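I have placed the structure first, in the form of C-alpha cells, so that the comments after it can refer back to it.
The residues of the chain are indexed from 1 along the displayed sequence. We use all heavy atoms of the structure for the numbers below, so side chains are in, but hydrogens, waters and symmetry mates are not. A quick note: this is a predicted structure, and the numbers were derived from the prediction, not measured. When a ligand or atom number is given, it counts from 1 through the structure's own listing order.
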Amino acid sequence: MKIMLINGPNLNRLGSREPSIYGKKTLDDMITSLKDKATELQCEVVARQSNHEGEIIDWIHDAGDCSEGLLLNAGAYTHYSYAIRDAVSSIQIPTIEVHLSNIYARESFRHTSVLAGVVVGQVAGLGSIGYELGLQGLIHYLKGEG
Ligand code: DQA
C-alpha cells in the first residue's frame with residue numbers, strides 16, 4: 001500500500017522554525033520515523049515538501065493517480081487555499097489532514113481549515129507523533145475498519 005505525504009510551505013524549516021510551537025525535530029527526522037512506522041504497518045510512504053501552491057496541487061493529483069491514501073499538512077494554505085481544497089476533492093483516494101500544532105488553540109485565522117470538509121479526518125496538536133497517528137488512521141480507514 002502506497003501513501004503519499006505532502007508537506008506545504010515553511011515545513012522545510014522544522015527544527016529551527018518556532019521550536020516552542022513545532023518542536024525540535026527536522027522534517028527529515030520526522031520522515032525517517034514515519035517511514036519506520038510505515039514499514040511496521042507494511043506500507044510505503046513517499047514524502048514530498050514544497051513552498052509552492054501549484055506544485056502541491058500537482059502532487060495531490062499525482063497522489064490520486066499513484067497512491068492509495070494521502071497525508072497532507074498544507075501549512076498556512078490550510079486556512080485559505082480553495083485551490084488545494086479543490087485538488088483534494090478532485091482525487092478518489094482518502095486524505096487525512098495533519099498539523100503539528102493545535103490550530104484551534106492558536107490565532108483566530110488558524111481556526112478555519114478550508115480542507116476540513118473534504119478530508120476523512122484531522123490530527124492536530126500532537127506534534128510529530130501526529131503524522132504516525134494520521135498514517136495509522138488512514139490505513140485503518142482504507143481497510144474499512146473504521
Ligand atoms: C501547521 C499550522 C499552520 O497554521 C501553519 O501555517 C503551518 C504549520 C502545523 O503543522 O501546525 O505552517 O500546519
Side-chain angles (χ1 to χ4, degrees), residues 1-41 43-64 66-91 93-142 146:
M1 191 182 288
K2 190 162 146 186
I3 304 295
M4 192 179 290
L5 165 69
I6 301 177
N7 283 285
N10 301 306
L11 293 163
N12 55 316
R13 307 287 297 168
L14 290 176
S16 59
R17 175 191 181 196
E18 299 181 271
S20 59
I21 297 174
Y22 298 115
K24 289 184 186 151
K25 287 191 180 165
T26 65
L27 187 57
D28 281 350
D29 293 337
M30 287 178 45
I31 289 169
T32 300
S33 302
L34 190 67
K35 287 192 172 188
D36 288 347
K37 188 72 187 174
T39 305
E40 204 182 289
L41 297 170
C43 67
E44 182 197 355
V45 167
V46 174
R48 295 182 175 167
Q49 187 278 328
S50 177
N51 295 320
H52 305 281
E53 190 177 23
E55 193 163 37
I56 293 167
I57 291 167
D58 288 342
W59 289 342
I60 292 170
H61 298 165
D62 287 352
C66 307
S67 309
E68 284 160 271
L70 173 63
L71 277 178
L72 176 62
N73 184 349
Y77 285 135
T78 303
H79 312 302
Y80 64 92
S81 175
Y82 298 121
I84 289 181
R85 178 191 163 105
D86 283 352
V88 171
S89 297
S90 80
I91 59 174
I93 61 167
T95 299
I96 289 196
E97 178 184 344
V98 287
H99 300 285
L100 294 156
S101 65
N102 180 357
I103 55 174
Y104 301 102
R106 298 183 62 198
E107 302 95 322
S108 57
F109 74 87
R110 295 186 206 274
H111 297 178
T112 298
S113 164
V114 300
L115 308 178
V118 294
V119 297
V120 299
Q122 288 179 328
V123 182
L126 301 178
S128 59
I129 194 83
Y131 280 51
E132 296 179 29
L133 296 171
L135 178 65
Q136 275 183 279
L138 199 48
I139 290 168
H140 194 74
Y141 180 88
L142 283 164

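- The distance from ligand 1 to the heavy atoms of Y22 drops below 4.0 Å at these ligand atoms: 5 (C), 7 (C), 8 (C), 9 (C), 11 (O).
- Close approach of ligand 1 to H79 is summarised as follows: ligand atoms under 4.0 Å from at least one heavy atom of the residue are 3 (C), 4 (O).
- With G130, S101, G125 as candidates, the residue nearest to atom 11 (O) of ligand 1 on a non-hydrogen basis is S101.
- The number of heavy-atom neighbours closer than 6.0 Å to OH of Y82, taken from other residues, nucleotides and ligands shown, is 12 or below.
- Aromatic ring orientation, F109 versus H79: perpendicular (interplanar angle above 60°, classes split at 30° and 60°).
- Neither the backbone nor the side chain of V98 has a heavy atom within less than 4.0 Å of ligand 1.
- A heavy-atom separation below 4.0 Å is not found between N10 and ligand 1.
- Remark: side-chain polar atoms of S81 are not paired, donor with acceptor, to backbone N or O of T78 under 3.5 angstrom.
- Applying side chain to side chain contact (heavy atoms under 4.5 Å, CB included) to M4 and the options I93, L71, D62 leaves one that passes, D62.
- The closest approach between a heavy atom of R17 and any atom of ligand 1 is below 4.0 Å.
- Only side-chain heavy atoms of I103 come within less than 4.0 Å of ligand 1; its backbone N, CA, C and O stay farther off.
- Formation of a donor-acceptor pair under 3.5 Å by the N73 side chain with backbone atoms of G8 is not found in this model.
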